[in-house]
Amino acid sequence: MKNFVNSATRLRATHLLLLLTLTITLYSPPCPLTEAASSSTQELLPGFKARPDPSTASFQPLLHDPTGALSLGFLRTNRTLLSLAVLHLPSSEPLWVSDPTRFSRWSDKTELSFTNGSLVISDPGSRVVWSTPNSLGGDRVVLLNSSDLQIQKKENDGGFSVVWQSFDFPGSTLVEGQNFTDAMALVSGNGLYSMRLGKDFMGLYAAFKTGSEQIYWKHTAMEAKADIIEGKGPIYARVNPDGYLGMYQNGTGPPVDVQPFTNFQRPVNGLLIVRLEPDGNLKGYYWDGSKWVFNYQAISDTCELPSPCGSYGLCNSGSGCSCLDNRTEYASAGCLPAESGSGDFCGDVVAEDDFWALRRKGVELPFKELIRHETASSLEECEDTCEKNCSCWGAVYSNSSGFCYTVDFPIQTLLSVGDETKVGYFKVRKGARKGRVGVLLRAMIGVLIGVVLVFVGFIGFVVYKAWMRRRGVKGFFDDDQTGGVSPGPYKDLGSASFRSLEMCNR
Ligand SMILES: *[C@@H]1O[C@H](CO)[C@@H](O)[C@H](O)[C@H]1NC(C)=O
Ligand SMILES: *[C@@H]1O[C@H](CO)[C@@H](O)[C@H](O)[C@H]1NC(C)=O
Ligand SMILES: *[C@@H]1O[C@H](CO)[C@@H](O)[C@H](O)[C@H]1NC(C)=O
Ligand SMILES: *[C@@H]1O[C@H](CO)[C@@H](O)[C@H](O)[C@H]1NC(C)=O
Ligand SMILES: *[C@@H]1O[C@H](CO)[C@@H](O)[C@H](O)[C@H]1NC(C)=O
Ligand SMILES: *[C@@H]1O[C@H](CO)[C@@H](O)[C@H](O)[C@H]1NC(C)=O
Ligand SMILES: *[C@@H]1O[C@H](CO)[C@@H](O)[C@H](O)[C@H]1NC(C)=O
Ligand SMILES: *[C@@H]1O[C@H](CO)[C@@H](O)[C@H](O)[C@H]1NC(C)=O
């Protein structure tokens, strides 16, 4: 409380009234503090507290930017989950979330507070769920028109300095003007893919296997306008209002690399963003006032995405997905059950007993230039290398080049190519086909039970009718034919998702 009073004395008189209201509400904790959520709130001051309102359907704003188009607030996901997010209000698109990997509960006991100069989310048990570092000494929280959420400290000269900003902790989205450094990572909403910077490149990585990552896209700086100079510091990336994703080296010189958007050098009025999508592609959009317009993608060929057809899938440019195992029909759930594609074959059990080998001609690895390979004199030698290595999931041999590519992560989607001399060898966990057989079996049992039930019903009906007729009750069933097939519960699937996370189809 001492800290609270100290900072209060430093505040301007105009803030005193707001502070008083806050202090009053501070002493009546059980009710949701919605007073602070007025649409004009442009700064949060020490002592601020807010709780989610049970009647909120999707978003409860707490703080607005000067334009009113952006807001910090509680975002409600799946009815029961809460995250603190900066939302682009016209599109309901979150540009930043406090903790992309963890949610809090949407409970009227969950609380956001600005105490001791830090933002803190505590759960119903008063446990801290998320917070900014706790000795920031911030005096106010503001949301800039760039979507940057800042905790600022008042300086002796009357100005404010930034002690923490959300721009330093991106989630899946990079906003125009935000500096993306080599210490940061952009992570897709599903947590599978990430973007990071290397010494002279930008890379996209997939976590196909826990504890290791496979790079699947690499863009090396072109250094057309400026060279990367050794010792001048690391590179960073930024979405430039002139319509490109630039890479720069320490300082504000010309970019060392330019990845142009479709609106390159034709500045647009609306906000530009770049986002790592759940399919592993890096895509750019701009807000045209009514919708997000797609203007950039790192990977233009769908088959070059990290896993467009799922595990053990086969991608054919033009004709879509099928399965590596030609006896399996492709379904959206993938070609093999998920448990067949995790971990590796190293363990106590003899490796040969754990898997069977699936071979397919005319296949190639996507992003093969980024995959480990060595030369082998024959297909047999290539397969043998993989078969004997328990951390190898498969190998693809190219007879023409003699390259043997080995895959050290669970098999994802392969590319279908015309060249039949490119042969793939893939390990499949034993029992992995069981899931499919199980589904078929269950379906067959279901049908059988249905047939039996209908038959029993029919016999019962005949017997009953004969019995009724014998008792002289006629036409009982003939008159009661109105109750037909009931339409069943109707679900409006469209309205269930008020806030679509997929922007690609807009
Ligand atoms: C939200 O619900 C959907 C469908 O029930 C589910 O697929 C998704 O994983 C849930 N999201 C979270 C974050 O729990
Ligand atoms: C704020 O700081 C004071 C003293 O530094 C400490 O006693 C108090 O528990 C802190 N409050 C929170 C919410 O962390
Ligand atoms: C955002 O704010 C800056 C100053 O803080 C201003 O120069 C700029 O024009 C504003 N942009 C918009 C879109 O309002
Ligand atoms: C990004 O970096 C440039 C160059 O270092 C700097 O001038 C600019 O203020 C930074 N922008 C933000 C939002 O931090
Ligand atoms: C950026 O460059 C300046 C001088 O050119 C240097 O003082 C500073 O340490 C560099 N920053 C980083 C992060 O390397
Ligand atoms: C499936 O693949 C095997 C081995 O490559 C081949 O012998 C067989 O003819 C193929 N079956 C069909 C239906 O394409
Ligand atoms: C593989 O390449 C060798 C020579 O490089 C050739 O003799 C052989 O016929 C090729 N095998 C196939 C199956 O194409
Ligand atoms: C087995 O494969 C892994 C990854 O592909 C590799 O790092 C390792 O060196 C291989 N081991 C042998 C004995 O070849």
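All values derive from a computational prediction rather than experimental measurement. First listed ligand is number 1; within each ligand, the first listed atom is number 1.
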Participant: So if I count the atoms of ligand 4 from 1 in the order they appear, which ones are less than 4.0 Å from some heavy atom of Arg238?
Facilitator: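 Every atom of ligand 4 under 4.0 Å from some heavy atom of Arg238: 1 (C), 2 (O), 3 (C).
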Participant: Can you tell me which portion of Gln178 lies within the under-4.0 Å heavy-atom range of ligand 4? Options are side chain, backbone, both, or neither.
Facilitator: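 Neither; nothing of Gln178 gets under 4.0 Å from ligand 4.
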Participant: Using 30° and 60° as the class limits, which term best fits the ring planes of Trp164 and Phe169: parallel, tilted or perpendicular?
Facilitator: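 It falls in the parallel class, under 30°.
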Participant: Output, or 'none' if empty, a list of ligand 1-protein atom pairs in which both atoms are N or O and the distance is under 3.5 Å, rounded to 0.1 Å.
Facilitator:
from, atom 1, to, atom 2, distance (Å)
ligand 1, 2 (O), Asn78, OD1, 3.2
ligand 1, 2 (O), Asn78, ND2, 2.3
ligand 1, 11 (N), Asn78, ND2, 2.9

Participant: What do we get for Thr67 next to ligand 3 when only non-hydrogen atoms under 4.0 Å count, side chain, backbone, both or neither?
Facilitator: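 Just the side chain.
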Participant: When you measure from the centre of the six-membered ring of Phe180, is the NZ or CZ of Arg238 closer than 6.0 Å and no more than 45° off the axis?
Facilitator: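 Arg238 over Phe180 ring: no.
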Participant: Heavy-atom contacts under 4.0 Å between Tyr236 and ligand 4: side chain, backbone, both, or neither?
Facilitator: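 Tyr236 to ligand 4: side-chain contact only, backbone stays beyond 4.0 Å.
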Participant: Can you list the ligand 4 atoms lying under 4.0 Å from a non-hydrogen atom of Asn179?
Facilitator: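 Matching atoms, with element in brackets: 1 (C), 2 (O), 3 (C), 8 (C), 10 (C), 11 (N), 12 (C), 14 (O).
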Participant: List for me each residue that meets ring pair (Phe, Tyr, Trp, His ring centres under 6.0 Å) alongside Tyr244, sequence neighbours excluded, and say none if there are none.
Facilitator: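 In terms of ring pair (Phe, Tyr, Trp, His ring centres under 6.0 Å), with neighbours along the sequence ignored, Tyr244 is linked to Phe264.
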Participant: State whether the side chain of Glu277 and the backbone N or O of Lys283 hold a donor-acceptor pair below 3.5 Å, judged by distance alone.
Facilitator: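 Judged by distance alone, no pair lies under 3.5 Å.
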Participant: Do Lys427 and Phe355 meet the cation-pi criteria used here (NZ or CZ under 6.0 Å from the six-membered ring centre, within 45° of the axis)?
Facilitator: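 Yes, Lys427 and Phe355 form such a contact.
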Participant: When you measure from the centre of the six-membered ring of Phe59, is the NZ or CZ of Arg76 closer than 6.0 Å and no more than 45° off the axis?
Facilitator: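 Pair Arg76/Phe59 does not count as cation-pi.
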Participant: Take the angle between the ring planes of Phe261 and Tyr296 and call it parallel below 30°, perpendicular above 60°, tilted in between.
Facilitator: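 It falls in the tilted class, 30° to 60°.
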Participant: Check the orientation of Phe208 and Tyr193. Use parallel for under 30°, tilted for 30 to 60°, and perpendicular for over 60°.
Facilitator: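 Ring orientation, 0 to 90° scale: perpendicular.
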